[in-house]
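Quick notes on the structure that follows.
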2 protein chains.
Amino acid sequence: MMTPERTVGRLSLYRRLLVAMRNRGTRHVFSHELASAAGVTAAQVRRDMMTVGCSGSPARGYDVPELIEHIGLFLDADEPEAVALVGVGNIGRAMMAYFEGRRPKLKMVAAFDQDGSKTNRVVHGCRCYPIEDMASVVDDRGIRVAMVAVPAEAAQDVADVLVRAGVRGLLNFAPVAIRVPEHVYVEDIDVTTSLEKVAFFARQKRAHKVSVS
Amino acid sequence: MMTPERTVGRLSLYRRLLVAMRNRGTRHVFSHELASAAGVTAAQVRRDMMTVGCSGSPARGYDVPELIEHIGLFLDADEPEAVALVGVGNIGRAMMAYFEGRRPKLKMVAAFDQDGSKTNRVVHGCRCYPIEDMASVVDDRGIRVAMVAVPAEAAQDVADVLVRAGVRGLLNFAPVAIRVPEHVYVEDIDVTTSLEKVAFFARQKRAHKVSVS
DNA sequence: CTCACGCTGTGAATCATTTCACAAGCATAT
DNA sequence: ATATGCTTGTGAAATGATTCACAGCGTGAG
Ligand SMILES: NC(=O)c1ccc[n+]([C@@H]2O[C@H](COP(=O)([O-])OP(=O)(O)OC[C@H]3O[C@@H](n4cnc5c(N)ncnc54)[C@H](O)[C@@H]3O)[C@@H](O)[C@H]2O)c1
Ligand SMILES: NC(=O)c1ccc[n+]([C@@H]2O[C@H](COP(=O)([O-])OP(=O)(O)OC[C@H]3O[C@@H](n4cnc5c(N)ncnc54)[C@H](O)[C@@H]3O)[C@@H](O)[C@H]2O)c1
């Protein structure tokens, strides 16, 4: 019954593609069309649709608005969710700019930083508080999801405070493995690792190409 | 013989942790220590060490400097590799700041942007060129790895030019599935999807907690 | 009205990755 | 010298994710 992590990621991607299709006026979509747009197989799409409990017709495929709605029911909370950001540096500011008005169900409502020159103002519609206020603001506003964009040395401490204040999910940009209690979910975005993977497989592919041809 | 994608990601992570250990003066490490630092199991670490062909002693564990070297031999190219960046916006600039002097084997040597106000200068040690020069600069410098940080609408076009100019690996920040020939590797960093995953599992965990206790 | 086609939904099979479990090893204490 | 208590390395088992393959169906053509 527990949904696989990969599936959730793909559903988020499908939704974005489907919204774009709807905005272009597309009403129906076949599994192979969505699959090709998402870069996965048609069977995968159909399986994923099973997990959101959505079915299509053999003749027309899936109904796009209906799919968007079902994915929303599955993925989203009932109420819009408040998200906190810790660390108003390069990455933090880029994220504020990016998320402004993008996903109405996930609104960045509070940012925190140690540096006094970055706090007590509103950036991209998000209020910036001194770090000392973090526990109380997160607790008061019932914030359950936070992005961590502070230097690696500070990430664990920040996470500890967030978790104690009630946060249940962390998106971590700092290049460290954050340790959290079992009931907290952490997703890491590790750009260095990603880039090293790209460099590694870029080389592999070249080698493979040569050896085959 | 083809190394799994996951393994490569973990090796990159291990290396970072090992370098930090070495800088603290640690000479030897047991699989369970590295595992705990990386947030994986000890068996996983030992398996991964097998793929880089590195062995430890039952008494002392693995030799830290030796491990760092072996992972380097496995992951890195012989020569330092040049990396290109396309899109000198919020994300692009954050990446330039971040990678400056971080990984000597992966050096960001050229950035490209459409916007004239961002080009023909040096930012964080990386020269910014007009987008028109991209194909020739990438080709001339033999660049094989590139980061794509342009708006979604432009990403496919940019990727096409890069691939034609000889790029074999892409790190893509734009929220679209980029289509590339079979011999090119693409890794996506999709912050929206990651955040939606975090929000989803944060909720799940809460539910799980309640139902168990 | 009937047929043929191409799609969906899904059990079963395949493929990939992780974990188990244990023989063999090495340093240390006795 | 040898017993002890850790560890490593690794087949084999388990788990997890993806793909196959096909029955069943709805639609549009004839
Ligand atoms: N910039 C990038 O492209 C990039 C890429 C990958 C990872 N990262 C990681 O993301 C994190 C942030 O990177 P950045 O480039 O935005 O760094 P940055 O230095 O620009 O910003 C860090 C911010 O965190 C604040 N801060 C420091 N300690 C704090 C604390 N204890 N509590 C609250 N705020 C604190 C600082 O005042 C600063 O505003 C780092 O861990 C970095 O390694 C950044
Ligand atoms: N900012 C974020 O936190 C964030 C997060 C996730 C994803 N992204 C994605 O990353 C990409 C960049 O985001 P950003 O916030 O840096 O955007 P941005 O608007 O700040 O920067 C985009 C840059 O690309 C340049 N550009 C546009 N078209 C171009 C083209 N055809 N060729 C070359 N350069 C071109 C622009 O001049 C600009 O400098 C977008 O696809 C965005 O969706 C950004």
Side-chain angles (χ1 to χ4, degrees), chain A residues 1-14 18 21 26-64 66-67 70-71 74 177 182 185 187 193 197 200-201 204 208, chain B residues 1-14 18 21 26-67 70-71 74 177 182 185 187 193 197 200-201 204:
Chain A
M1 209 238 88
M2 185 64 195
T3 314
E5 208 168 306
R6 305 289 202 87
T7 304
V8 175
R10 284 193 301 270
L11 287 170
S12 166
L13 171 61
Y14 296 155
L18 289 162
M21 286 176 189
T26 308
R27 291 286 161 78
H28 299 280
V29 68
F30 291 120
S31 61
H32 67 262
E33 295 171 320
L34 186 52
S36 141
V40 300
T41 67
Q44 181 92 82
V45 168
R46 296 202 298 275
R47 221 141 304 251
D48 291 338
M49 289 314 139
M50 275 173 43
T51 74
V52 298
C54 208
S55 63
S57 102
R60 260 185 270 290
Y62 298 88
D63 184 274
V64 172
E66 188 188 316
L67 222 50
H70 272 90
I71 294 176
F74 182 85
E182 217 248 301
Y185 179 86
E187 166 108 0
T193 284
K197 267 169 73 173
F200 178 83
F201 286 111
Q204 297 291 302
H208 188 252
Chain B
M1 213 239 88
M2 184 64 195
T3 314
E5 207 168 308
R6 304 293 203 88
T7 303
V8 175
R10 284 192 302 269
L11 287 171
S12 166
L13 172 60
Y14 297 154
L18 288 164
M21 286 177 189
T26 308
R27 290 287 159 77
H28 299 279
V29 68
F30 291 121
S31 61
H32 67 262
E33 295 171 321
L34 186 51
S36 142
V40 301
T41 66
Q44 181 92 82
V45 167
R46 295 202 299 277
R47 242 317 131 225
D48 290 339
M49 288 316 139
M50 274 175 39
T51 74
V52 298
C54 208
S55 64
S57 103
R60 259 185 271 289
Y62 299 88
D63 183 273
V64 172
E66 188 188 316
L67 223 51
H70 271 91
I71 294 177
F74 183 85
E182 216 248 303
Y185 179 85
E187 167 108 359
T193 284
K197 266 169 74 173
F200 178 84
F201 287 110
Q204 297 292 302

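Just so you know, these numbers use all the heavy atoms, side chains as well, and skip hydrogens, waters and symmetry mates. Lettering follows sequence order; numbering is per chain, from 1.
Listed here is the closest heavy atom pair of A:L13 and B:T193: N-OG1, 4.0 Å. Of all heavy-atom pairs between A:F74 and A:T51, the closest is CE1-O, 3.6 Å. Closest of all the heavy-atom pairs between A:M21 and A:A37 is CE-CB, 4.3 Å. A:R46 and A:S31 get closest at one heavy-atom pair: NH1-OG, 3.3 Å. Nearest heavy atom pair, residue A:E66 against residue A:C54, reads OE2-SG, 4.1 Å. In terms of heavy atoms, A:F30 sits closest to A:G61 at CE2-N, 3.3 Å.
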Are any protein N/O atoms closer than 3.5 Å to N/O atoms in nucleotides 14-21 of chain C? If there are, list each pair with its distance.
{"from": "C:dT18", "atom 1": "OP1", "to": "B:R10", "atom 2": "NH1", "distance (Å)": "2.9"}
{"from": "C:dT18", "atom 1": "OP2", "to": "B:R10", "atom 2": "NH1", "distance (Å)": "3.4"}
{"from": "C:dT18", "atom 1": "OP2", "to": "B:R10", "atom 2": "NH2", "distance (Å)": "3.0"}
{"from": "C:dT18", "atom 1": "OP2", "to": "B:Q44", "atom 2": "NE2", "distance (Å)": "3.3"}
{"from": "C:dT18", "atom 1": "O5'", "to": "B:Q44", "atom 2": "OE1", "distance (Å)": "3.4"}
{"from": "C:dT19", "atom 1": "OP2", "to": "B:T41", "atom 2": "OG1", "distance (Å)": "3.0"}
{"from": "C:dT19", "atom 1": "O4", "to": "B:R47", "atom 2": "NE", "distance (Å)": "3.0"}
{"from": "C:dT19", "atom 1": "O4", "to": "B:R47", "atom 2": "NH2", "distance (Å)": "3.2"}
{"from": "C:dA21", "atom 1": "N6", "to": "B:R46", "atom 2": "NH2", "distance (Å)": "3.3"}

Polar atom pairs (N or O), protein with nucleotides 25-29 of chain C, under 3.5 Å:
{"from": "C:dA27", "atom 1": "OP1", "to": "B:R60", "atom 2": "NH2", "distance (Å)": "3.4"}

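Looking only at side-chain heavy atoms (C-beta outward), B:E33 and B:S36 stay at 4.5 Å or farther from each other. Contact check for A:D48 versus A:R10: side-chain heavy atoms found under the 4.5 Å cut-off.
Close approach of DNA chain D to chain B, defined as any atom under 4.0 Å from a non-hydrogen atom of the protein, starts and stops at D:dT7 to D:dA12.
Distance alone, capped at 3.5 Å, places no donor-acceptor pair between the A:T26 side chain and the A:H28 backbone.
Distances shorter than 4.0 Å separate some side-chain N or O of A:S31 from OP1 or OP2 on C:dT8.
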Next on the checklist: Test side chain to side chain donor-acceptor pair (under 3.5 Å) on A:E5 and A:Y185; report intermediate values, then the result.
Outcome noted: CA-CA 11 Å; A:E5 208 168 306; A:Y185 179 86; 3.1 Å; yes
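Nucleic acid contact class of B:M49 (heavy atoms, under 4.0 Å, all strands): none.
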